[in-house]
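Shown next, in structure tokens, is the structure this report addresses.
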Amino acid sequence: MRLGDLVQVLEGMPPPEERGDERVLVGTEFADDAAVVRIGDDPTRATVLTVDIIAPLVDDPETFGEIAACNALSDVYAMGGRPLFALNVVGFPDDKLPLTVLQAILRGAARACARAGVAIVGGHTVRDGELKFGLSVTGEVAVAEILSNRTGHEGQALVLTKALGTGFIAQAIKHGHAEPAEVAAAVASMTTLNGPALAIARGFGVTACTDVTGFGLLGHLRNILRGSQLAARLDMAALPALPGALAHAAAGRVPGGTKANLAFVRPNLIVEGGEDPLRTLLAADAQTSGGLLLTVPEARAAGLVAALRESGGQGWTIGRLLAPSPATPAGTVVLEFAAEA
């Protein structure tokens with residue numbers, strides 16, 4: 001569901017911790033990527049729980065399965081955790097597609113999970129008019145190492161680990177306008193696990209993290225700002241875009257979810273300089289298996305970006321967290337564009 005609709009649905013529902021369940025360490029109140037709960041007697045360890053299901057956005061079923069698995073596993077990494085076990089969740093139109101398609105999807109998911117060291121131990125299938133696939137993932141995390149939307153700090157830098165624009169590319173694929181090189185770059189990004197980036201970020205003092213998926217960069221940043229009671233400034237020229245993404249946006253290949261994301265966060269945006277509408281859309285683009293958005297001490301951001309790139313990954317410093325003020329109350333994002341000539 002779109003972020004605005006989800007906020008409306010969940011409004012007024014008390015989180016588990018308000019119902020007196022002290023086992024819940026991270027629940028729903030700040031839209032974290034996964035739940036973190038205590039199971040067992042060890043007070044230093046916690047269990048991470050998440051489920052994520054998507055519709056196809058590429059033509060090859062095995063690639064779709066791999067993307068969907070990476071997308072679901074990412075929620076555990078976003079909490080600072082390590083995924084351990086997964087269950088397949090399938091909605092399949094067996095009156096429209098042969099079962100070999102589902103077999104290929106499951107193969108792709110198994111391949112991604114094998115790379116992550118995750119065992120797929122079962123699942124559930126439902127006959128459905130539209131194809132959907134994802135995973136329910138269980139992981140673990142040390143309580144002292146939980147990363148959530150509540151633990152950002154004033155003055156920290158914002159580091160992003162994957163380029164944006166998968167929503168635009170998916171629209172181009174759907175309508176037959178995507179170039180093979182553009183598809184290949186997007187697939188390579190979406191099938192890259194976020195675990196290695198998290199491991200590197202640990203060495204640079206990361207305190208908060210979210211993965212950039214369906215709510216877009218601005219929607220997921222909003223969740224950190226609400227949870228941490230901060231504002232933020234984004235250097236819009238620094239936002240990385242996948243090859244072809246901005247051109248497809250300019251041609252109108254913009255998902256409905258991206259438009260809804262921007263409409264929802266627009267009241268909390270302040271534009272400085274001459275706004276580039278395409279870059280604003282890029283910041284709101286609904287991503288699939290996007291990168292991690294990390295908060296780190298500003299003095300260590302350049303080192304983190306260098307380490308990510310030296311490892312074969314990607315990284316960009318795209319902004320910083322601000323103390324709230326009357327001009328920029330908590331939850332506000334300042335979009336900094338180059339001044340108009």
Side-chain angles (χ1 to χ4, degrees), residues 1-3 33 50-75 86 88-93 96-97 100-113 128-135 137 161-194 211-217 219-220 240-262 281-292:
M1 294 182 69
R2 294 168 180 174
L3 179 56
D33 299 288
T50 187
V51 60
D52 212 318
I53 305 169
I54 61 172
L57 67 168
V58 294
D59 296 328
D60 180 66
E62 195 162 329
T63 301
F64 167 55
E66 188 172 3
I67 291 170
C70 290
N71 186 66
L73 294 170
S74 185
D75 287 341
N88 291 317
V89 183
V90 181
F92 192 76
K96 301 176 184 177
L97 296 173
T100 52
V101 170
L102 180 54
Q103 289 176 321
I105 292 170
L106 297 182
R107 280 198 306 272
R111 183 168 64 240
C113 286
D128 197 332
E130 300 293 334
L131 175 60
K132 306 173 189 70
F133 177 73
L135 299 177
V137 186
T161 67
K162 289 185 184 180
L164 304 169
T166 61
F168 302 144
I169 300 297
Q171 283 292 103
I173 293 172
K174 181 178 179 180
H175 295 287
H177 295 293
E179 296 293 332
E182 295 169 352
V183 176
V187 166
S189 177
M190 290 186 288
T191 55
T192 296
L193 292 166
N194 281 328
D211 66 334
V212 181
T213 49
F215 302 154
L217 172 65
H220 287 281
L242 287 165
L246 290 173
H248 289 302
R253 297 168 195 130
V254 179
T258 297
K259 297 174 184 177
N261 286 343
L262 182 55
L281 273 174
L282 180 69
D285 190 36
Q287 303 298 284
T288 299
S289 191
L292 298 178

Legend entry - Trace of the side chain to side chain contact (heavy atoms under 4.5 Å, CB included) decision for Q103 with L106: CA-CA 5 Å; Q103 289 176 321; L106 297 182; 5.9 Å; no

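- T288 and M190 make their closest contact through O-CG, 3.3 Å (heavy atoms, listed as atom of the first residue, atom of the second, distance).
- The nearest pair of heavy atoms linking F133 to A68 is CD2-CB, 3.6 Å.
- With sequence neighbours excluded, the residues forming a side-chain hydrogen bond (donor to acceptor under 3.5 Å, both in side chains) with E62 are R107, R111, listed by chain and number.
- Among all heavy-atom pairs drawn from N88 and A109, the shortest one is OD1-CB, 4.4 Å.
- In this structure, A178 and I169 approach most closely via the heavy-atom pair CB-O, 4.5 Å.
- L131 pairs by the side chain to side chain contact (heavy atoms under 4.5 Å, CB included) definition with P56, F64, F92, P93, L97, I105, not counting sequence neighbours.
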Legend entry - Steps toward side chain to side chain contact (heavy atoms under 4.5 Å, CB included) verdict (H248, E182): CA-CA 11 Å; H248 289 302; E182 295 169 352; 2.7 Å; yes

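- Distance CD1/I67 to OG/S189: 9.5 Å, rounded to 0.5 Å.
- In this view, T50 and D75 satisfy the side-chain hydrogen bond (donor to acceptor under 3.5 Å, both in side chains) rule, not counting sequence neighbours.
- Under the 4.5 Å side-chain criterion, counting only non-hydrogen atoms from C-beta, V51 is not in contact with L135.
- Nearest heavy atom pair, residue T258 against residue A286, reads OG1-N, 2.9 Å.
- With a 4.5 Å cut-off on side-chain heavy atoms, T191 and S289 do not count as touching.
- Note that NZ of K96 and CD of E130 are 5.0 Å apart. Values are rounded to the nearest 0.5 Å.
- Scanning both residues, A112 and L73, for their nearest heavy atoms gives O-CD1, 4.4 Å.
- For T213, the side chain to side chain contact (heavy atoms under 4.5 Å, CB included) test picks out N71, D211, H220, with sequence neighbours left out.
- Taken from CG in L57 to NZ in K174, the straight-line distance is 11.0 Å, to the nearest 0.5 Å.
- Legend: residues meeting side chain to side chain contact (heavy atoms under 4.5 Å, CB included) with H175, ordered by chain and number and at least two apart, are Q171, H177.
- Within the 4.5 Å cutoff, the side chain of D285 has no heavy atoms near those of the L164 side chain.
- The environment of NZ in K132 is crowded: more than 12 heavy-atom neighbours from other residues, nucleotides or ligands sit within 6.0 Å.
- One distance of note links NZ of K259 with CG of L281; it measures 8.5 Å at 0.5 Å rounding.
- Between the side chain of Q287 and the backbone N or O of F215 there is no donor-acceptor pair closer than 3.5 Å.
- In this structure, the side chain to side chain contact (heavy atoms under 4.5 Å, CB included) partners of A163, at least two apart in sequence or on a different chain, are P240, L242, W316.
- Counting only distance, with no hydrogens or angles, the side chain of N194 and the backbone of S74 share no donor-acceptor pair below 3.5 Å.
- Residue C70 holds its SG atom at 12.0 Å from CG of D52, rounded to the nearest 0.5 Å.
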